[in-house]
Each structure stands twice: as C-alpha cells, then as structure tokens.
Amino acid sequence: MAQKVRVRLVDDLDGSEAQETVSFALDGKPREIELSHENAIKLRRLMSPYMEASRPASSTNLAAKGTTPPITQAALREEGAAIRAWAERNHLPVNALGRIPEMTRKAWQRHTKQDDRSLLDQLLIKAGIDPTTKPEPRKVVPITSGKVSVEEQLERQARTVGKLSDAQIKRLADACNGDGTATADDPKDRASYQALCRRGCMKPDGHNAYTVTDVGRTWVRLNQPALTA
C-alpha cells in the first residue's frame with residue numbers, strides 16, 4: 001500500500017509553520033534558519049540597509065583579516081548529505097529535510113575528524129538508543145504458503161535474530177509470558193525494546209509501547225530450555 005509522508009518545517013523564531021530556509025553569514029560564520037514567509041520578509045527588510053551599504057567580500061580580504069570565507073550553498077548541501085549518511089550509519093535519528101541540529105553537526109565533526117564519539121553517544125542515549133548496541137543486518141524471509149510451513153518460516157527468521165543481551169532476553173521473555181505487550185518510560189528500557197524491534201522480535205505499538213511479534217515468540221520458544229536453565 002502506497003504511503004505519503006508530509007514533512008512539516010517549523011519556524012525557528014516563533015514555532016509557526018515555516019515555508020523557506022534562509023541562509024546568511026556573519027563574521028565568516030554561515031547560518032541558516034527556517035522561517036515563515038512573514039518572518040523571512042522581516043529579516044530581509046532588517047538586513048536590507050546593511051546589504052546596500054556593504055560590498056562583496058573577496059577571499060583575499062578575508063584571508064588577510066584571518067576570517068574564513070563563507071561556505072557556499074553547494075558546500076552546505078554536500079555537508080548536510082554527509083551528516084545524514086553518517087547519522088544513518090550510526091542509527092542516530094535526524095530530520096530528512098531542513099536544518100540539521102547544531103549538536104548533531106558537532107557530533108559528526110568530532111567523530112569523523114577527531115575519532116571522538118562521546119557527543120554521538122550522548123545524543124544516542126538522549127534518543128533512547130543504546131550506543132553499545134550494534135544491530136546486525138538480518139535477512140527477512142517472507143512468510144508464504146507452499147512446501148515450507150509458516151512455522152518453519154518463523155523458526156528460520158527466529159534463528160537469524162542471533163544472540164540477545166541478558167536485558168533484552170528478560171524483557172522479551174516477560175512480555176511473552178504476559179499479554180505480549182510492554183511499555184518503556186526509561187531511556188535504557190526503550191533502548192532494549194528498540195534493539196528488539198530492529199531484530200524483528202518486537203514492533204512499536206504507540207508511544208513507548210511495544211508488542212511481541214511472531215518471530216519474537218518463536219525465538220523464546222526455541223530458546224526456552226536455555227532461558228530456564
């Protein structure tokens with residue numbers, strides 16, 4: 001079934017709906033901000049006298065003054081694409097469009113240029129993601145009728161889940177022994193449930209709510225002797 005996703009930009013000034021991203025530079029520091037048409041007009045009117053009285057900056061003058069030339073729009077777009085690709089590789093949520101948060105940009109710079117992931121780990125924990133969890137890619141075998149039964153298909157998928165941490169095993173087993181659902185208000189709990197979702201053992205079911213999948217129940221059944229040992 002086709003889905004349509006609508007991305008809504010928010011005005012960074014007053015929280016209303018934004019219609020455009022305005023870029024500018026001051027003291028060699030490029031900035032961008034999401035604004036409504038009304039606030040964008042106000043900004044341009046405010047800047048108009050200074051723009052008219054100013055002159056184009058040459059790279060020679062900027063270098064002589066020890067100022068870094070402003071980054072071009074093309075460079076900003078290229079950098080934004082690199083940050084989003086980095087965030088996806090490290091499982092850090094980031095908006096697909098619009099301005100990238102300054103903390104995310106700083107985390108990217110530290111990690112890629114200084115090999116320092118301390119700020120990245122802080123952002124992952126804040127987002128409810130365990131920074132020590134490295135989910136392995138898994139192949140999902142579609143459940144189909146034919147020579148292989150549904151139960152066999154589920155067992156195949158459950159075996160691809162692999163080893164779970166003690167905390168993940170406890171949460172999954174508790175949910176299976178209960179009504180098959182669980183909630184998580186604590187970031188550490190959410191990290192375990194989200195890791196189980198990535199493994200296919202659970203799925204999100206509302207705000208901080210999770211439901212055990214057939215694969216998760218099958219995994220618990222296959223590992224029941226080890227869990228009770």
Side-chain angles (χ1 to χ4, degrees), residues 1-7 83-96 101 103-104 107-108 111 117-229:
M1 181 175 64
Q3 294 183 344
K4 181 181 291 185
V5 178
R6 181 175 181 268
V7 178
I83 294 174
R84 288 185 171 89
W86 165 84
E88 183 178 354
R89 289 195 304 272
N90 289 278
H91 314 289
L92 178 65
V94 66
N95 50 314
M103 291 299 289
T104 301
W108 167 73
H111 190 205
R117 60 172 294 135
S118 58
L119 187 53
L120 168 61
D121 289 347
Q122 293 177 28
L123 293 177
L124 287 170
I125 293 172
K126 186 177 180 181
I129 300 172
D130 185 356
T132 63
T133 301
K134 296 180 179 179
E136 302 174 357
R138 61 184 181 89
K139 296 181 179 180
V140 178
V141 180
I143 300 176
T144 57
S145 59
K147 295 182 180 179
V148 180
S149 67
V150 172
E151 183 174 306
E152 289 174 318
Q153 291 277 11
L154 286 171
E155 289 185 0
R156 289 183 184 180
Q157 293 184 42
R159 290 190 181 95
T160 65
V161 170
K163 184 178 179 181
L164 301 178
S165 69
D166 291 341
Q168 292 165 0
I169 291 172
K170 184 179 186 308
R171 291 183 173 88
L172 182 59
D174 288 346
C176 286
N177 293 332
D179 61 358
T181 63
T183 58
D185 297 321
D186 185 88
K188 292 182 179 179
D189 292 337
R190 287 198 298 272
S192 290
Y193 287 123
Q194 289 170 358
L196 288 168
C197 289
R198 291 194 292 269
R199 296 292 186 89
C201 294
M202 300 191 82
K203 62 181 179 180
D205 187 16
H207 181 63
N208 293 339
Y210 304 88
T211 302
V212 180
T213 64
D214 291 337
V215 174
R217 292 185 183 279
T218 304
W219 189 94
V220 171
R221 179 173 58 80
L222 292 177
N223 293 274
Q224 197 67 42
L227 296 179
T228 56

Atom pair CD (Q153) and CG (D214), whose distance is rounded to the nearest 0.5 Å: 12.5 Å
Say whether, by atom type as modelled, one donor and one acceptor occur between the side chain of N90 and the main chain of L92 under 3.5 angstrom. no
The test is side-chain contact (heavy atoms from CB on, under 4.5 Å); show your working for T211 and T181 and say whether it passes. CA-CA 4 Å; T211 302; T181 63; 3.9 Å; yes
Check P93 against H91 and note the closest heavy-atom contact, atom names and distance. CD-O, 3.6 Å
Which heavy atom in A158 sits nearest to a heavy atom in L222, and how many Å separate them? CB-CD1, 3.9 Å
What residue pairs, at least two apart or across chains, pass ring-ring contact (aromatic ring centres under 6.0 Å, His included) with a residue in residues 161-199? Y193-Y210
One thing to verify: whether R159 and E155 come together as a salt bridge, which I'm taking to mean a side-chain N less than 4.0 angstrom from a carboxylate O. yes
Separation of L123 CG from R117 CZ (nearest 0.5 Å): 11.0 Å
Could you pull out the closest heavy-atom pair between A107 and L119, with the gap in Å? N-CD2, 3.5 Å
Please find the pair of heavy atoms, one from S192 and one from R171, that lie closest to each other, and give the distance. OG-NH1, 3.2 Å
With heavy-atom distances below 4.5 Å as the criterion, would you say the side chains of L120 and W86 are in contact? yes
Could you give the distance from CG (D130) to CD1 (I125), rounded to the nearest 0.5 Å? 7.5 Å
dist L172:CG -> R199:CZ (nearest 0.5 Å) comes out at 11.5 Å
Restricting to non-hydrogen atoms, name the atom on W219 and the atom on I169 that form the minimum distance, rounded to 0.1 Å. CH2-CG1, 3.8 Å
Is K170 salt-bridged to D174, going by a charged N under 4.0 Å from an acidic O? yes
R190 side, atom CZ; I129 side, atom CD1 - distance, nearest 0.5 Å: 10.0 Å
Out of curiosity, R217 CZ to M202 CE, how far, rounded to the nearest 0.5 Å? 9.0 Å
Does a sphere of radius 6.0 Å around CG in D186 hold more than 12 heavy atoms from other residues, nucleotides or ligands, not counting ones at 6.0 Å or beyond? yes
Quick one: closest heavy-atom pair of Q168 and A195, and the distance? NE2-CB, 3.3 Å
